[in-house]
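In the text below, chain A, chain B and the rest are named by the order of the sequence lines, each starting its count at 1. Computed from a predicted structure; not experimentally measured.
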Amino acid sequence: MADAAVSPEILAEPVKEAEPHLILVDGSGYIFRAFHALPPMTRPDGVPVNAVFGFTNMLGQFLTRHAGTHIAVVFDASRVTFRNAIYDQYKAHRPEAPPELVPQFALIREATAAYGVACIELDGYEADDLIGAYAKGFEALGGQVTIVSSDKDLMQLVRPGVQLLDPIKQKPIREPEVLEKFGVTPDKVVDVQALAGDSTDNVPGVPGIGIKTAAALINEYGDLEGLLAAAPGIKQPKRREALLSNAELARISKKLVTLDCDAPLPRPIDELLARPPEPGRLAGFLREQGFRSLLHRMGLDGDAAPETAPVSRPRFAPQLPEAAPGTVTEITPAADEAPFGPYETVVDEAGLAPFIAAAREAGVVAVDTETDSLDALHANLVGISLAVAPGKACYIPLRHGPPPGTGDMLQEAPVAPAQMSQEAAIAALKPLLEDPAVMKVLHNAKYDLEVLCRAEHGGIAVSPVDDTMLISYSMDAGRHGHGMDELSLRHLGHRPITYDEVTGTGRARIPFGQVALDKATAYAAEDADVTLRLWRALKPRLRPDQALALYEQVERRMIAVLRDMEIAGIKVDGAELTRIGEDFSARMVVLEKEIHELAGKPFNVGSPKQLGEILFDEQKLPGGKRGKAGAWGTDAAVLEDLASRGHELPRKVLHWRQLAKLKSTYVEGLAAQIDPRDKRVHTDFSMAITSTGRLSSTEPNLQNIPIRTEEGARIRRAFVAEPGHVLLAADYSQIELRLLAHLADVPSLREAFEKGEDIHSRTAADIFNLAPDQVDREARRRAKTINFGIIYGMSAFGLASRLGIPAAEARSIIEAYFSRYPGILEEMERLKSEAREKGYVTTPFGRKLWIDGIQAKEQARRGNAERAAINAPFQGGAAEIIKRAMVRMPRALREAGLSARMLLQVHDELLFEVPEAEIEATAECVRQVMESVAELRVPLKAEIGHGPNWGVAH
DNA sequence: TACATCACG
DNA sequence: GACGTACGTGATGTAC
């Protein structure tokens with residue numbers, strides 16, 4: 001390869017240039033990964049090519065980085081191999097390849113050849129055998145071998161000259177990693193596999209023996225034969241019996257998993273010599289598939305492909321430029337064939353006018369603002385970009401200064417580049433941005449709307465608005481992230497320039513306003529272009545995906561609601577925070593001294609590592625458990641357990657930790673966020689982060705302000721109303737349990753909600769068979785734990801550990817719960833199978849929530865996903881109810897003649913700032929909206945309070 | 001940067 | 001037989 005000397009960053013140790021090094025790529029792994037990672041794509045002739053695209057992309061990237069002298073991609077040739085002669089069930093219930101994948105195999109071999117890389121395959125042998133054989137042959141010639149695969153079946157090949165490279169984690173797999181996976185050294189892996197078997201490949205193994213047990217046995221007896229010979233003397237009767245009666249099965253299994261390193265080499269090793277691709281052949285292949293973005297990235301779309309180079313065309317043609325006859329279009333679902341750039345830098349009215357005209361003509365324009373900060377309320381507008389058609393976008397710099405470091409003492413001072421005045425640009429753009437006949441498309445519109453509505457930026461009220469981030473989130477919450485770069489790669493097959501690439505990172509970062517105009521244009525106009533293309537690709541999916549109403553009526557309307565809440569902010573009493581901080585500090589000093597005395601020496605109380613060593617190594621307290629990193633666990637549950645046994649040290653540490661948390665996160669963190677201009681804190685609500693439809697809140701997070709302890713509540717009381725106002729808090733009561741009663745249609749729970757009873761007391765009476773007046777605090781506490789546990793998919797084990805009762809008792813409580821409340825168990829099972837079959841569950845209002853990992857093979861991961869699937873409709877349904885209330889609230893208040901401002905949302909609570917004279921009327925209005933926003937089988941209930949501060953209002 | 005911890009619903 | 005064990009977030013400090 002031409003770049004064989006390039007530093008091999010993904011290999012653990014640099015390989016000397018002269019040293020022969022063979023890279024063997026497990027082709028099947030790449031194909032499988034590409035096929036499942038990418039959405040369906042087809043060529044214009046209908047041939048599916050998503051796996052081809054992914055494979056070509058991955059291989060191309062790999063080839064620019066690897067450091068081998070020799071390289072080959074190894075494929076499986078056929079399903080039937082010599083292993084089927086040994087055991088006819090081998091890989092028997094492997095499903096056939098999906099039909100869309102079948103035609104792609106040949107194209108993938110073509111891609112490999114186009115890169116100038118040898119394809120290796122042989123009838124009757126698996127890729128793994130050939131990999132083993134080439135590794136053996138190459139090693140014999142004195143070379144090093146790297147196998148690009150994370151397949152555990154290849155781990156048996158690891159030895160000093162042979163390593164695996166995990167292509168996902170980009171991490172080498174050597175003896176320690178194998179030891180971690182199988183519990184034995186690589187040379188014993190086949191013995192462990194022979195015992196443990198492998199259900200995916202139908203390798204039988206010995207029933208009842210898993211990897212852990214197998215490793216222990218092999219480490220004790222050396223290898224399979226040693227173990228089988230010693231089997232009659234094994235103590236555990238079941239295990240002895242299993243080994244004795246399945247000895248032959250284990251021997252067969254070992255043959256199945258042992259790779260045939262003596263397989264014939266279909267091509268001599270010399271032919272694997274790495275060499276650069278012939279540009280013509282590669283470009284030809286990429287062009288045939290329509291992989292324009294890859295052609296572009298590899299610089300092959302210039303001279304090498306003159307017939308597809310963009311011809312000059314009218315700058316503002318009303319429709320897309322037509323493709324030259326005989327060429328293919330981009331392979332992505334929304335085939336936008338225009339290239340990404342070059343774009344125009346607009347520096348005067350004459351340059352801007354055609355874009356405004358084109359936007360009006362098209363009725364749609366993508367808009368993106370460039371600023372110098374992520375904080376929309378403080379950011380300065382540096383420039384604006386517009387896109388009016390795919391590939392047709394401009395950047396309007398407004399406040400670009402001179403680039404740094406261009407001047408020296410002998411030259412004149414650097415000058416700012418020529419650009420439009422902000423006033424002129426705003427004057428020209430404001431009518432367009434406020435024109436009801438022109439749709440403005442933005443990505444994360446809330447940010448740009450917040451910047452543009454500020455008076456110093458012209459007070460522009462952008463409308464109407466579409467938001468590609470929210471369009472994506474409405475359909476694909478939980479499926480993937482919704483950032484522009486990720487969506488572009490996923491849906492357009494295009495990797496946009498990143499902000500970091502333009503401004504640099506760390507110390508070298510320069511403000512966007514100092515980025516040279518050509519670079520700024522390439523970045524900013526591309527973002528508008530990408531936004532417009534995403535809109536064209538994603539918006540049409542809304543209706544077929546049954547997400548149109550959700551997007552139009554909830555998500556889109558939330559933009560302005562949240563914008564106004566963020567702008568409003570909430571007042572924080574900084575002087576009170578200071579007093580709280582001083583008080584906490586003083587108490588921490590005392591506690592710290594006492595803790596050091598109890599420990600017998602000073603140490604950093606804030607270090608869990610040091611604390612664990614003192615508690616469990618030095619003082620030998622009982623109940624220590626190590627985490628995965630080998631450090632002692634010292635979280636609150638552990639310390640509380642120790643404290644309850646009378647130990648002073650953990651009790652004091654718990655108190656110290658509480659104060660430390662409150663002080664650093666809330667007292668100091670919050671004080672730093674107070675805007676000096678209005679003494680208020682302005683959070684940023686994230687609309688497309690959570691997998692369930694909830695909002696999240698950052699910088700500062702105002703959704704986790706303390707309340708559960710008295711010390712924490714002091715913080716909450718520092719959130720105050722303006723003079724003449726109060727804070728009014730409205731909470732949905734038991735909203736998730738109401739959704740449970742609704743969804744599972746549980747008669748007793750419905751009746752309790754209907755009558756306004758305490759739901760946990762009702763549950764206690766129901767499952768413990770008590771009369772209502774027999775329910776004591778303990779019974780209610782247990783019932784409450786169960787009620788919440790159910791919504792979280794809790795197991796008997798979890799309930800037992802939370803209630804501190806034996807697992808058997810927990811099991812019988814859960815049994816009573818399910819039998820007393822018919823419908824709930826069925827609903828839980830239904831949610832799990834819905835998630836398994838469709839990949840998503842839905843809220844009662846129809847929002848799809850995708851469940852990641854529901855198909856995972858690993859039981860732990862799948863278990864997590866199943867619990868997430870159970871919880872998602874409740875959490876997500878509640879989120880949707882409160883969002884509906886929020887979008888109706890401003891109008892309801894306005895029509896009632898009320899001037900209350902909505903300030904915060906905390907999942908099931910809304911916080912308002914209300915003039916004292918309007919308290920009662922506002923409470924009534926808020927209640928009306930919140931309780932009428934959904935018609936369930938149970939009533940919705942809002943609990944409302946008010947006071948001079950948030951602590952009292954709650 | 002990863003992990004542990006802990007604040008909230 | 002093994003493996004984990006209640007969902008969803010964001011901020012902070014320590015240690016690597």
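- At most 12 heavy atoms of other shown residues, nucleotides or ligands fall within 6.0 angstrom of atom CD in E699(A).
- Within 4.0 Å of A879(A), counting heavy atoms only, lies no atom of the nucleic acid at all.
- In the set dG4(C), dA6(C), dA7(B), dA7(B) carries the atom at the smallest distance from any side-chain atom of L662(A).
- As judged by a 4.0 angstrom heavy-atom cut-off over every strand, S801(A) is placed among residues making no nucleic acid contact.
- Counting only residues at least two apart or in different chains, side chain to side chain donor-acceptor pair (under 3.5 Å) contacts with residues 857-868 of chain A comprise R836(A)-E866(A), N864(A)-R867(A).
- Nearest nucleotide to the P706(A) side chain, out of dA7(B), dA6(C), dG9(B): dA7(B).
- Relative orientation of the W950(A) and F719(A) rings is perpendicular, given thresholds of 30° and 60° on the angle between their planes.
- A cation-pi arrangement, defined by a distance under 6.0 Å to the six-membered ring centre and an angle within 45 degrees of its axis, is absent between K663(A) and F584(A).
- Here side chain to side chain donor-acceptor pair (under 3.5 Å) pairs that include residues 798-812 of chain A, with residues two or more places apart or in two chains, are R782(A)-E809(A).
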(message) Once pairs are restricted to Watson-Crick or G-U wobble with both distances under 3.5 Å, how does DNA chain C read as a dot-bracket string, [ ] for crossings and | for other-strand pairs?
(response) ......|||||||||.
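- Separating the CD atom of Q658(A) from the P atom of dC8(B) is a distance of 9 Å, rounded to the nearest angstrom.
- Between the NE2 atom of H655(A) and the P atom of dT5(B) there is a distance of 19 Å, rounded to whole Å.
- Annotation: salt bridge (Lys or Arg N to Asp or Glu O under 4.0 Å) contacts involving residues 634-643 of chain A, sequence neighbours excluded, comprise D641(A)-R645(A).
- Using a 4.0 Å heavy-atom distance criterion, R694(A) is classed as a base contact.
- Residue T690(A) has its side chain nearest to dG8(C) when only dG1(C), dG8(C), dG9(B) are considered.
- You'll find that the side chain of R802(A) is closest to dA6(C), out of dA6(C), dC3(C), dA7(B).
- When distances run from any side-chain atom of F797(A) to the nucleotides dT5(C), dT5(B), dG8(C), the shortest one goes to dT5(C).
- Although no hydrogens or angles enter the test, the distance criterion places no donor-acceptor pair under 3.5 Å between the side chain of D684(A) and the main chain of T698(A).
- Side-chain to base pairing of S696(A) with dT9(C): no donor and acceptor N or O lie closer than 3.5 Å to each other.
- Annotation: dT5(C) and dG9(B) have their P atoms spaced 24 Å apart (nearest Å).
- Rounded to a whole angstrom, the distance from the P atom of dG4(C) to that of dA4(B) is 14 Å.
- Contact annotation for G863(A): no contact, since no heavy-atom pair falls under 4.0 Å across all strands.
- Contact annotation for G210(A): no contact, since no heavy-atom pair falls under 4.0 Å across all strands.
- Not one side-chain nitrogen or oxygen of T692(A) sits closer than 4.0 Å to the OP1 or OP2 atom of dT9(C).
- Distance from the side chain of Q859(A) is smallest to dA2(C) among dG8(C), dA7(B), dA2(C).
- Here dC6(B) is the nucleotide among dC7(C), dC6(B), dC8(B) with the atom lying nearest to any side-chain atom of A636(A).
- Remark: C1' of dG9(B) and CZ of R738(A) are 16 Å apart, rounded to the nearest angstrom.
- Using a 4.0 Å heavy-atom cutoff across all strands shown, S686(A) reaches no nucleic acid atom at all.
- Among the protein residues, I707(A) comes within range of the sugar-phosphate backbone only, with heavy atoms under 4.0 Å from sugar or phosphate atoms but none that close to a base.
- Distance Q875(A) CD to dG9(B) C1': 8 Å, rounded to the nearest Å.
- For the pair E880(A) CD and dG8(C) P, the interatomic distance rounds to 17 Å; values are reported in whole Å.
- Taking atom CG on L911(A) and atom C1' on dG9(B), their separation rounds to 15 Å, with Å as the unit.
- Atom OH of Y792(A) is separated from atom C1' of dT9(C) by 12 Å (rounded to the nearest Å).
- F788(A) comes within 4.0 angstrom of a nucleotide base, judged by non-hydrogen atoms across all strands.
- The residues R847(A) and E555(A) are annotated as salt-bridged, a charged nitrogen and a carboxylate oxygen being separated by less than 4.0 angstrom.
- Note on I870(A): nothing from the nucleic acid sits closer than 4.0 angstrom, heavy atoms only.
- In this structure, L659(A) places its CG atom 10 Å from P of dA7(B), rounding to the nearest Å.
- Salt bridge status for R717(A) with E710(A): present, with a side-chain N to carboxylate O gap under 4.0 Å.
- The base of dG8(C) has none of its N or O atoms less than 3.5 Å from a complementary donor or acceptor on the side chain of R867(A).
- Remark: R884(A) qualifies as a cation-pi partner of F845(A) under the 6.0 Å distance and 45° angle criteria applied to the six-membered ring.
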(message) For a quick check, with a 4.0 angstrom heavy-atom cut-off, what is the B/S/- contact string for nucleotides 11-16 of chain C, read 5' to 3'?
(response) BSSSSS
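- Using a 4.0 Å heavy-atom criterion, one finds that R657(A) contacts the sugar-phosphate atoms exclusively.
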(request) Take S697(A) and Q703(A) through the side chain to side chain donor-acceptor pair (under 3.5 Å) test and state the conclusion after the steps. (result) CA-CA 6 Å; S697(A) 161; Q703(A) 291 182 320; 4.8 Å; no
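- At the phosphate of dT9(C), OP1 or OP2 sits under 4.0 Å from a side-chain N or O atom of S691(A).
- Pairs passing the salt bridge (Lys or Arg N to Asp or Glu O under 4.0 Å) check and including a residue from residues 685-696 of chain A, sequence neighbours excluded, read R694(A)-E736(A).
- Nearer to the 5' terminus of DNA chain C, by closest-nucleotide assignment, is the contact made by I209(A) (compared with the other of G798(A) and I209(A)).
- Between I790(A) and T213(A), the one whose closest nucleotide on DNA chain C sits nearer the 5' end is T213(A).
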